[in-house]
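Please read the structure below before turning to the comments.
Computation of the quantities below employed the complete heavy-atom set of this structure, encompassing side-chain atoms and omitting hydrogens, waters and symmetry-equivalent molecules. Since the structure is predicted, the reported quantities are computational estimates derived from the model, not experimental observations.
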Amino acid sequence: MKRLFNKNWVTPACSMLLLLSLSCESETFLENEDKSKLTDATQWQSESNADIFINDVYSEIPRISTLAEQLDYYTDDYNISHYYTASNWRTGISQAPAQSNDSPWGGTYGPTNAYTWESFFVKIRKCNTGIQKLEENKDNFPAEYTNARIDELRFLRAYFYSEFFMQVGGLPILTIPLDRSTMTEEEMLIPRSSFEETFNFMTDELGEIVENNYLQTKYNNGDGDAGRATLGAALALKGWLELFAASPLFNSGSGYLPDASNFVHFASADAGRWATAAATNKKFIDEYGGMYELFDDLPNLWRASNEYNSEVIWDRQIVANIPGMGTNYERRGGPTYVLGQYMTWGNYNPTQELVDEFAMVDGTPITDPASGYDPQNPYANREKRFYDFIVYDGAPYRLDWMPATDTIYTRIDETYENPDKTNQIDLAGSTDVGDSGYYQKKRLNPDAAPGNDASGQNDLFYRYAEVLLNYAEAQNEAVGPDASVYEAINKIRNRSELPDLPSGLSQEGMRNAIYSERRVELSFENKRYWDNKRLMQQEEKMGVPRHNMIIRNTVPSNNSGVWVYSVEPEVKFTPKFEKKQYMSPIPQNVIDQNPNIQQNPGY
C-alpha cells in the first residue's frame with residue numbers, strides 16, 4: 001500500500017531556500033485536493049493534517065533509480081559513456097562549481113547522488129520545522145503519535161545528513177529552522193562542524209531513536225505505514241556510518257591532504273572504532289534477526305510484489321505509471337536491443353574487473369589454478385549470481401514482460417548487415433549499444449517493459465545482507481576471523497548456492513574474501529563508490545583503465561573460425577585520480593553567502 005507518496009501532493013510554498021540565509025516568511029505549506037488550504041494554525045491541529053507535512057519530508061528522499069547518473073559510474077564496476085559528469089571525474093577533473101549543481105551532463109564537480117548544498121538544507125529545514133511544530137502543538141496529538149513522528153523526522157534528518165556527510169565531510173549542524181527575521185547574522189552564518197562532530201551528531205541521534213523504541217522495528221508488505229522510518233532503519237544506518245568512519249580514509253589521524261580543521265577525517269586514529277561498528281551491527285543481528293533475514297530469492301528481491309520482504313530495511317517508495325512517481329531504470333539498463341527491437345539506452349555496462357570477481361560454481365575464485373576457469377570459455381561453471389546479475393555474450397535473456405526468450409550477443413560479428421542495430425559491442429561509442437561486452441540484469445524489473453515511469457520497484461537503500469557484510473568486516477578488523485565472521489559471510493554465500501569459505505583464513509585472507517563478497521553481493525546498488533572511498537582504494541582502482549571483453553572471430557568474413565575472447569583496456573579515457581577527489585568540493589556561492597564555510601582540501 002503506497003501511503004507515503006501520493007499523487008495528490010503539492011510542493012510546499014517554501015520549497016527553495018538559499019543556503020543558511022533565507023527563511024520562509026509565509027507559514028503556508030501544503031495543499032491537498034481533499035483539504036482546504038492549510039495554514040500554520042490548521043496544519044498541526046490533527047494527525048491527518050500533520051501527516052501531509054511529514055509525508056512531504058519523505059518525498060525529499062531522492063528517487064535514485066530515476067537518476068541518469070548512478071554512483072556506480074564513479075567506480076571500477078561500470079564502463080560509462082563520454083557525456084556524463086562521471087566521465088570528467090574519471091579523468092581527474094574535479095573543481096568547485098560556481099553554484100550548487102547536480103546536472104549529470106558533463107559537470108566538473110564530481111558525484112552528487114541528487115544532493116546539492118541548497119537541496120540538502122531544504123531537506124534539513126523541513127525536518128527541523130516538523131520537529132519544532134510537533135513539539136509546539138503536542139497537546140493536539142496523542143503522545144504515541146507525537147513521539148513516533150518526531151523520531152521519524154529525526155531519522156530522516158540523520159539520513160539526509162549521512163548522505164551528504166559521506167560526500168563532503170563535516171557539515172553545519174542545524175537542529176532548528178533558521179529565520180533571518182529573528183536571528184542575528186552570527187546565529188545564521190553557522191560554520192562547518194568537524195568530521196567527528198558531524199559523525200557524533202548523526203550516530204547519537206540514531207542511537208537515541210533506537211533506545212526510545214517509539215518506532216516499529218519493521219514493516220511488512222501490505223502494512224499501511226510501510227515506507228516510514230523504523231528502528232531497523234535507524235540501527236542499520238548507525239552501523240553503516242560507524243563502519244564507514246572506522247575505515248582507513250577517515251581513521252588514520254591525518255587527512256589524505258592537509259586538513260587543519262579536521263573536516264574530512266578524525267583528529268586521531270582509534271582502532272576501537274572497528275569494535276564499535278561490529279557491536280552495533282551485531283546488535284542488529286541479535287535483536288532484530290528473525291524479523292529481518294535473508295530473502296531466499298535474491299534475483300527477485302527488488303520485484304514490486306516482494307516489497308518489504310524479510311531483507312528490506314530502508315527504501316523509498318516508487319509507484320508505477322504515475323508521472324513523477326515511477327522510474328525509468330529499465331529504460332537505461334539491460335541490452336539495447338531485445339528480440340530485434342530497440343528497447344534501452346544500454347547505459348549500465350559492467351566491467352571485466354567486476355565480472356572477474358564472480359567465483360566459479362564451487363566457490364573458488366577464477367584466479368585459483370585449480371578452479372577450472374577457461375579464459376576462452378569464461379562463462380561456463382560460474383556461480384549463480386553471475387547468471388542472475390550479468391548479461392554476457394550468448395546469454396539467454398527472458399524477463400516476464402517479454403513474449404519469448406532472446407539470446408544476447410555482444411561479439412564483433414562482421415556478417416551482420418547492420419551492426420548498429422544489434423548488441424554488438426560498440427567500440428566507437430557512436431550508438432547506445434554498450435562497449436564493455438556486458439549488460440546488467442540485476443535490479444531490472446521483470447514485470448515492466450522499458451518506459452518512462454513504467455516501473456514501480458522501490459529504491460532499496462539498506463538490506464539485511466549488508467548488515468551481515470558490515471558486521472563481518474568490522475569484526476574481522478577488530479578481532480580477526482572468528483566463528484561469527486564466518487557465519488555472517490557463509491549465510492550470504494549459501495543463499496546463492498556457494499559453499500562455506502575455507503577454514504583457517506588469516507585476517508588478511510578473510511579481509512580479501514569479505515571485500516570480494518561485498519563487491520559481488522552489492523553490485524549495481526551504488527555501494528561500490530562508498531567502499532572504494534572509505535577503504536582509500538580510489539587511487540588504485542580509478543587511476544588505471546578499466547577493461548572490456550572483446551570477442552572476435554579468426555575468420556571474420558564468415559565466422560568459420562574460432563571466437564577469441566580478449567580482455568582489453570578501455571580507450572575512451574585517459575584515467576586519472578587526484579587525492580582531492582576523495583571528497584566533493586563546496587560551491588563558491590555557498591562560501592560567498594557564508595564566509596564561515598571553509599572549502600574542502602585540494603579545491
Check the side chains of Asn328 and Arg331 for a donor-acceptor pair under 3.5 angstrom, ignoring hydrogens and angles. no
Looking at Asn532, Leu522, Asp72, which one forms a side-chain contact (heavy atoms from CB on, under 4.5 Å) with Lys527? Leu522
Would you check if there is a donor-acceptor pair between the side chains of Asp315 and Tyr308 at a distance under 3.5 Å? yes
Do the side-chain N and O atoms of Tyr58 and Glu152 include a donor-acceptor pair separated by under 3.5 angstrom? yes
Check the orientation of Phe155 and Tyr159. Use parallel for under 30°, tilted for 30 to 60°, and perpendicular for over 60°. parallel
Interatomic spacing from CZ in Arg398 to CG in Asp406 - rounded to 0.5 Å: 10.5 Å
Quick check: do Thr198 and Phe263 have side-chain heavy atoms less than 4.5 Å from each other? no
Salt bridge (Lys or Arg N to Asp or Glu O under 4.0 Å) test vs Glu525 passes for just one of Arg443, Lys442, Arg519, namely Lys442
Both conditions, 6.0 Å and 45 degrees, for the charged tip of Arg382 above the ring of Tyr392: are they met here? no
Short side-chain donor-acceptor distance under 3.5 Å, Asn423 and Tyr397: no
Distance check, rounded to the nearest 0.5 Å: Glu211 atom CD versus Leu206 atom CG? 12.0 Å
Please say whether the positively charged group of Lys123, taken as NZ for Lys or CZ for Arg, lies over the ring of Tyr115, i.e. under 6.0 angstrom from the six-membered ring centre and within 45 degrees of the axis. yes
Walk me through it: do Gln581 and Ser94 pass the test side-chain hydrogen bond (donor to acceptor under 3.5 Å, both in side chains)? CA-CA 7 Å; Gln581 292 175 259; Ser94 184; 5.1 Å; no
Please determine if Glu466 and Arg518 form a salt bridge, counting it only when a charged side-chain N lies under 4.0 Å from a carboxylate O. yes
Separation between CD1 of Ile492 and CD of Glu487, rounded to the nearest 0.5 Å: 11.5 Å
Between Leu215 and Ala148, what is the shortest heavy-atom contact and its length? CD2-O, 3.2 Å
Going by distance alone, is a donor N or O of one side chain under 3.5 Å from an acceptor N or O of the other, for Asn262 and Glu196? no
Positive for side-chain hydrogen bond (donor to acceptor under 3.5 Å, both in side chains) with His547, one of Glu353, Gln352, Glu570: Glu353
Would you find more than 12 non-hydrogen atoms of other residues, nucleotides or ligands less than 6.0 Å from Glu508 atom CD? no
Test item: side-chain donor near acceptor, Asn300 and Asp297, under 3.5 Å: yes
Consider only side-chain N and O atoms of Ser455 and Gln457, and report whether a donor and an acceptor are under 3.5 Å apart. no
d(Tyr84 OH, Asn347 CG) to nearest 0.5 Å is 4.0 Å
At what distance, to the nearest 0.5 angstrom, does CD1 of Ile64 lie from CG of Asp459? 6.5 Å
Residue from Tyr78, Tyr439, Trp302 passing ring pair (Phe, Tyr, Trp, His ring centres under 6.0 Å) with Phe524: Tyr78
Smallest separation among heavy atoms of Tyr348 and Gly333, with atom names: CD1-CA, 3.3 Å
Using the ring of each side chain (for Trp, its six-membered ring), is Phe195 parallel, tilted or perpendicular to Phe199, with breaks at 30° and 60°? parallel
Using the salt bridge (Lys or Arg N to Asp or Glu O under 4.0 Å) rule, pick out the option among Arg528, Arg495, Arg493 that qualifies with Glu521. Arg495
Scan for side chain to side chain donor-acceptor pair (under 3.5 Å) pairs involving residues 361-371, sequence neighbours excluded, and state none if there are none. Asp362-Thr364
Heavy atoms of Asn309 and Lys218 approach each other most closely as O-NZ, 2.9 Å
Below 6.0 angstrom between ring centroids: does that apply to Tyr471 and Phe284? no
Which heavy-atom pair separates Asn79 from Thr351 by the least distance, and what is that distance? N-CG2, 3.6 Å
Kindly indicate whether the side chain of Val338, heavy atoms from C-beta on, has any atom under 4.5 Å from the side chain of Met402. yes
Quick one: does Asp286's side chain have a donor or acceptor within less than 3.5 Å of a partner on Gly289's backbone? no
State, without any angle test, whether Ser516 and Glu357 hold a side-chain donor-acceptor pair at a distance under 3.5 Å. yes
For residues Asp500 and Asn494, is any side-chain donor paired with an opposing acceptor at under 3.5 Å? yes
ring-ring contact (aromatic ring centres under 6.0 Å, His included) partners for Phe295, two or more places apart: none
Should the ring pair Tyr256 and Tyr582 be called parallel, tilted or perpendicular, given that the plane angle runs from 0 to 90° and is split at 30 and 60? tilted
